[in-house]
Amino acid sequence: SGSADKSVKIWGLDFGDCHRSLYAHTESVTAVSFVRGTHYFVSAGKDKLIKFWDADTFEHVMTMRAHTMEVWGIAVSRNGGFFVSTSRDRSIRLWRRTDEQVFIEEE
C-alpha cells in the first residue's frame with residue numbers, strides 16, 4: 001500500500017502484518033501496482049516520479065520521469081509487458097518493458 005507519509009508498505013497475506021515499510025517518494029505515494037506473477041511493483045507519487053521496485057529484496061530498481069505534475073494512477077498490463085500512468089498534467093504515458101540493459105549507479 002502507498003501512503004501520505006511517503007512510504008510503501010509490504011503486507012503479509014497470512015496474518016496481515018507489515019513486512020517492510022519503504023521510504024519511497026519525497027511526497028505522498030498516490031498509487032502502487034504489482035506486476036502479476038512476479039515480486040516487482042511500481043509506485044507513483046505527488047513528486048512526479050514513477051518508481052520500479054523489487055519486493056523480494058526491498059530494493060529500488062529504477063526511477064522513471066516523464067510527467068510534469070503529480071502522478072495519480074498506474075495500471076500494469078496482464079502480462080507485465082507494459083504499464084500506463086496518469087497524471088494531473090492531463091497526460092497518459094505508456095511504458096514498455098524492453099530487453100535493454102539497465103545499469104544502476106550507486107551513490
Side-chain angles (χ1 to χ4, degrees):
S1 63
S3 158
D5 70 0
K6 307 170 190 172
S7 70
V8 169
K9 291 184 176 27
I10 307 294
W11 298 92
L13 297 178
D14 295 339
F15 302 105
D17 56 326
C18 182
H19 285 280
R20 186 66 66 103
S21 181
L22 306 168
Y23 178 73
H25 290 266
T26 58
E27 294 186 37
S28 299
V29 177
T30 55
V32 177
S33 186
F34 270 85
V35 178
R36 185 183 186 134
T38 73
H39 53 270
Y40 296 108
F41 68 92
V42 183
S43 67
K46 286 187 173 182
D47 58 4
K48 308 173 199 168
L49 301 176
I50 299 164
K51 295 189 177 185
F52 194 73
W53 301 85
D54 185 328
D56 277 350
T57 62
F58 305 110
E59 290 185 3
H60 171 244
V61 176
M62 132 184 345
T63 298
M64 292 152 278
R65 294 172 177 86
H67 292 288
T68 59
M69 298 183 87
E70 297 95 341
V71 183
W72 289 110
I74 296 172
V76 179
S77 69
R78 197 167 177 82
N79 67 3
F82 68 91
F83 71 91
V84 294
S85 59
T86 60
S87 170
R88 185 172 169 220
D89 65 15
R90 301 177 66 185
S91 68
I92 298 172
R93 306 273 182 195
L94 175 66
W95 305 85
R96 295 182 196 270
R97 185 172 62 189
T98 67
D99 292 329
E100 291 180 30
Q101 217 171 6
V102 175
F103 295 96
I104 299 172
E105 294 182 25
E106 302 227 0
E107 295 183 23

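What you see below is based on every heavy atom in this structure, not just the backbone, and it leaves out hydrogens, waters and symmetry mates.
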Extract all donor-acceptor atom pairs below 3.5 Å that involve side chains of residues 77-84 and protein atoms in other chains or at least two apart in sequence.
from: Ser77; atom 1: OG; to: Asn79; atom 2: OD1; distance (Å): 3.0
from: Ser77; atom 1: OG; to: Gly80; atom 2: N; distance (Å): 3.2
from: Ser77; atom 1: OG; to: Gly81; atom 2: N; distance (Å): 3.1
from: Ser77; atom 1: OG; to: Phe82; atom 2: N; distance (Å): 3.3
from: Ser77; atom 1: OG; to: Phe82; atom 2: O; distance (Å): 3.1
from: Asn79; atom 1: OD1; to: Gly81; atom 2: N; distance (Å): 2.8

Report task. Give a yes or no on whether Val61 and Val76 share a hydrophobic cluster (residues Ile, Leu, Val, Met, Phe, Trp, Tyr; joining criterion: side-chain heavy atoms under 4.5 Å apart). Result ->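 Val61 clusters together with Val76.
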Is the shortest heavy-atom distance from the side chain of [X] to the side chain of [Y] under 4.5 Å?
X: Arg90; Y: Arg88; value: no
X: Cys18; Y: Trp11; value: yes
X: Ile50; Y: Val42; value: yes
X: His67; Y: Ser91; value: yes

Query raised in the report: For Thr68 and Asp89, which heavy atoms make the closest approach, and how far apart are they?
Result: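 Minimum heavy-atom contact is N-OD2, 2.9 Å.
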Query raised in the report: Of the non-hydrogen atoms in Ala31 and Ile74, which two are nearest, and what is the gap between them?
Result: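 Shortest heavy-atom contact: CB-N, 4.0 Å.
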Query - Heavy-atom neighbours of Lys48 NZ exceed 12 at 6.0 Å - result: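 Not more than 12 within 6.0 Å, no.
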Requested in this report: Might you confirm whether atom CG of Leu94 has over 12 heavy atoms from other residues, nucleotides or ligands at distances under 6.0 Å?
Outcome: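 Count over threshold, so yes.
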Report task. Only pairs at least two apart or in different chains count here, so list each salt bridge (Lys or Arg N to Asp or Glu O under 4.0 Å) that has a residue in residues 54-69. Result ->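 Counting only pairs at least two positions apart or across chains, no salt bridge (Lys or Arg N to Asp or Glu O under 4.0 Å) contact touches residues 54-69.
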**Report entry** Gap separating the NE2 atom of His25 from the OG1 atom of Thr63, nearest 0.5 angstrom
**Finding:**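 OG1 of Thr63 is found 8.0 Å from NE2 of His25.
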Report task. Supply the atom-to-atom distance Thr26 OG1 to Asp47 CG, rounded to the nearest 0.5 angstrom. Result ->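 Answer rounded to 0.5 Å: 4.0 Å.
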Query - Fellow cluster residues of Trp72, listed by chain then number, with links counted only when side-chain atoms sit under 4.5 Å apart - result: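 When side chains under 4.5 Å apart are linked, Trp72 ends up in no cluster with other residues.
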Query raised in the report: Other than Val32, what residues sit in its cluster of Ile, Leu, Val, Met, Phe, Trp and Tyr side chains whose heavy atoms are under 4.5 Å apart, directly or through others?
Result: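 ILVMFWY cluster around Val32 also holds Val8, Ile10, Leu22, Val29, Phe34, Phe41, Trp53, Phe58.
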Query raised in the report: What side-chain hydrogen bond (donor to acceptor under 3.5 Å, both in side chains) pairs are there with at least one residue in residues 27-37, not counting sequence neighbours?
Result: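 Listed once each, the pairs would be none.
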Query - Counterpart residues, side-chain contact (heavy atoms from CB on, under 4.5 Å), relative to Asp14 (two or more places apart) - result: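 Counting only residues at least two positions away or on another chain, Asp14 forms no side-chain contact (heavy atoms from CB on, under 4.5 Å).
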Query raised in the report: Does Gly2 offer a backbone N or O that forms a donor-acceptor pair with the side chain of Lys9 under 3.5 Å?
Result: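 Flag not set: sc Lys9 to bb Gly2 has no pair under 3.5 Å.
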